[in-house]
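All remarks here apply to the structure that follows.
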Amino acid sequence: MTLKWKIENSIFDSLFEADVWADSIANEMYAKLYDGYDTCDYKIAYGLAFRLAAIEEFRVITDNSIEDRYKVWVMPSTKGRIFQ
């Protein structure tokens with residue numbers, strides 16, 4: 001499975017600004033424009049992971065690398081589904 005990533009280098013001064021930005025990214029991910037987001041700002045990753053975790057259809061995965069890159073991506077959740 002190939003993931004569609006949005007990669008940006010924006011850095012915000014406050015958690016509030018980063019959270020407003022993360023809200024718009026969460027909407028794009030909910031609309032399935034992207035599966036994952038790659039950023040150098042931990043505040044955006046934090047806000048995005050928190051917002052995506054509230055969506056029951058998503059399983060949220062996070063990772064950070066040695067290069068100070070933070071990744072947040074989603075997979076379909078199996079919660080509430082009945083398998084036959």
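Computed from a predicted structure; not experimentally measured. One-based numbering along the sequence shown.
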Residue pair [X] / [Y]: nearest heavy atoms and the distance that separates them:
{"X": "Ala45", "Y": "Tyr70", "value": "CB-CB, 3.6 Å"}
{"X": "Leu48", "Y": "Ala26", "value": "CD1-N, 3.6 Å"}
{"X": "Asp35", "Y": "Met29", "value": "O-CE, 3.1 Å"}
{"X": "Ser10", "Y": "Cys40", "value": "O-SG, 4.3 Å"}
{"X": "Ala18", "Y": "Lys43", "value": "CB-CB, 3.6 Å"}
{"X": "Asp41", "Y": "Thr39", "value": "N-OG1, 3.1 Å"}

Seminar exercise, completed: dist Ile25:CD1 -> Asp19:CG (nearest 0.5 Å) comes out at 12.0 Å
[X]-[Y] co-clustered via ILVMFWY side chain contacts under 4.5 Å:
{"X": "Ile7", "Y": "Ile11", "value": "no"}
{"X": "Trp5", "Y": "Tyr42", "value": "no"}
{"X": "Ile55", "Y": "Leu33", "value": "yes"}

Exercise. Does NZ or CZ of Lys4 lie under 6.0 Å from the centre of the six-membered ring of Trp73, at an angle within 45° of the ring axis?
Worked result: no
Exercise. Can a donor-acceptor pair be found between the side chains of Glu67 and Ser65 at a distance below 3.5 Å?
Worked result: yes
For this session: Quick one: do Arg51 and Asn27 satisfy side-chain hydrogen bond (donor to acceptor under 3.5 Å, both in side chains)? Show the steps, please.
Result: CA-CA 9 Å; Arg51 290 186 173 277; Asn27 288 330; over 6 Å; no
Exercise. Is it true that Asp38 and Arg69 make a salt bridge, defined as a side-chain N closer than 4.0 Å to a carboxylate O?
Worked result: yes
Seminar exercise, completed: With Trp21 as partner, the option from Tyr37, Phe12, Tyr46 fulfilling ring-ring contact (aromatic ring centres under 6.0 Å, His included) is Phe12
For this session: May I ask you to test the Ile61-Met75 pair for a side-chain heavy-atom distance under 4.5 Å?
Result: yes
